[in-house]
2 protein chains.
Amino acid sequence: MAIERRSKQREAIIENLQSRYDHPTAMELYLSVREVIPNLSLGTLYRNLSQLEECGMVLRIPDGANDRFDGNVNPHAHFKCSDCGKVYDLMSFKNDTVTFSDEIVGYVTNYSLMAFGMCKNCNKSN
Amino acid sequence: MAIERRSKQREAIIENLQSRYDHPTAMELYLSVREVIPNLSLGTLYRNLSQLEECGMVLRIPDGANDRFDGNVNPHAHFKCSDCGKVYDLMSFKNDTVTFSDEIVGYVTNYSLMAFGMCKNCNKSN
DNA sequence: TATAATAACAGTAATCATTACTGATAAGGA
DNA sequence: TCCTTATCAGTAATGATTACTGTTATTATA
């Protein structure tokens, strides 16, 4: 269902997400938004994240069973540390070195690139 | 734990995976391998997939809560149809058109690139 | 500004892929 | 052949996400 009304819960969620540069999981975001709206429901958070993703205001970063969310909706690459699990924005490759702004954030050992769209078969039948 | 002994279950799993070019989920693979080993346990499949991934014989393709598996361990890009959910190998981009071998498989509307490795902080402390 | 329709909410139960556990089986070295 | 223990089958537990139910609050209209 599309967004039809405003709610302070949704506005707190998007505001929180746009004010940070880490890539919180649903639970991390939940705990953070609860500091502003203490009785925010987890179901409400999930529902709003899905709505906001659908209307292009939030980017979902697939990360196993624990997706992450990003207020920066320009599609851009990410780097996940296999050791601590943190997810960084990834701006450029240079050999095996990842550069973000002017700072090296880590060393790539593997990657996963998934493109989304519509395959030829489905395009034909629709 | 590393692999130390052979088992017909594990061999059936890797053989099945290497003989196909779709990208089965754990359940799809389970149902397929059960045609050879009817009493294969789902837990055994998951345990072996994790072991095989760890020792580099199987590639895990992150796909939400429903990961997919690939017997082709050369890291390579994938294309997922948002309509039918099928996952194709993706060999090259050309404008918005995806080409696999000589055949167009679909039209890209979005993508997700996640690089894995070790971040600077963890690299320092290890 | 009041009223009414219903989107959105809080709280909670259900779902479902995956992981962990337990006792049995079998690989492979001595 | 015997023994150690990796691996197994079967099943219970976990945990993120989704669905459901009754309540609240947004917003169009009178």
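Here is the naming used below: chain letters follow the sequence lines, and residue numbers restart at 1 for every chain. Bear in mind that the values here come from a model prediction, so they are computed numbers and not experimental data.
As a whole-Å value, the separation of B:Lys8 NZ from C:dA26 P is 8 Å. Following rounding to the nearest Å, A:Leu29 (CG) and D:dA16 (C1') show an atom-to-atom distance of 15 Å. C:dA24 atom P lies 17 Å from atom CG of B:Asn39, rounded to whole Å. Distance B:Glu53 CD to C:dT19 C1': 15 Å, rounded to the nearest Å. At whole-Å resolution of the value, CG in A:Leu40 and P in C:dA10 are 5 Å apart. In this structure, the CD atom of A:Glu54 is 12 Å from the P atom of C:dA8, given to the nearest Å. Distance, B:Leu42 CG to C:dA20 P: 14 Å, rounded to whole Å. Regarding B:Arg5, its CZ atom lies at a distance of 5 Å from the C1' atom of C:dA27, rounded to whole Å.
Nearest to the side chain of B:Tyr46, among D:dT7, C:dA5, C:dT19, sits C:dT19. Taking the side chain of A:Asn66 as heavy atoms from C-beta on, and the options C:dA7, D:dA16, D:dT7, the nearest nucleotide is D:dA16. For B:Gln9, the side-chain atoms get nearest to D:dC8 when compared with the rest of D:dC8, C:dG28, C:dA10. Listed nucleotides C:dA10, D:dC8, D:dA25 differ in distance to A:Ile37; the shortest reach to its side chain belongs to C:dA10.
Summary of the strand contacts: B:Ala65 and A:Leu45 both lie near DNA chain C, and taking for each the nucleotide with the nearest heavy atom, the more 5' one is attributed to A:Leu45.
Using a 4.0 Å heavy-atom cutoff across all strands shown, A:Arg6 reaches sugar-phosphate atoms only and no base atom. Base contact: B:Thr44 has a heavy atom under 4.0 Å from a base atom.
Between the side chain of A:Asn48 and the backbone N or O of A:Thr44 there is at least one donor-acceptor pair closer than 3.5 Å.
OP1 or OP2 of C:dC9 lies within a sub-4.0 Å distance of a side-chain N or O belonging to A:Asn48. The phosphate of D:dC8 has OP1 or OP2 within less than 4.0 Å of a side-chain N or O from B:Ser7. OP1 or OP2 of C:dA8 sits under 4.0 Å from a side-chain N or O of A:Arg10. Residue A:Gln51 places none of its side-chain N or O atoms closer than 4.0 Å to OP1 or OP2 of C:dA7.
Ring pair A:His23/A:His78 is perpendicular by interplanar angle, where above 60° counts as perpendicular and below 30° as parallel.
Looking at B:Arg47, its side chain has no donor and acceptor atom pair within 3.5 Å of the base of C:dT19.
Between B:Asp70 and B:Val58, every side-chain heavy-atom pair lies at or beyond the 4.5 Å cut-off.
A:Asn16 and A:Ser32 form a side-chain donor-acceptor contact under 3.5 Å, judged by distance and modelled atom types alone.
The number of heavy-atom neighbours closer than 6.0 Å to CD of B:Glu15, taken from other residues, nucleotides and ligands shown, is 12 or below.
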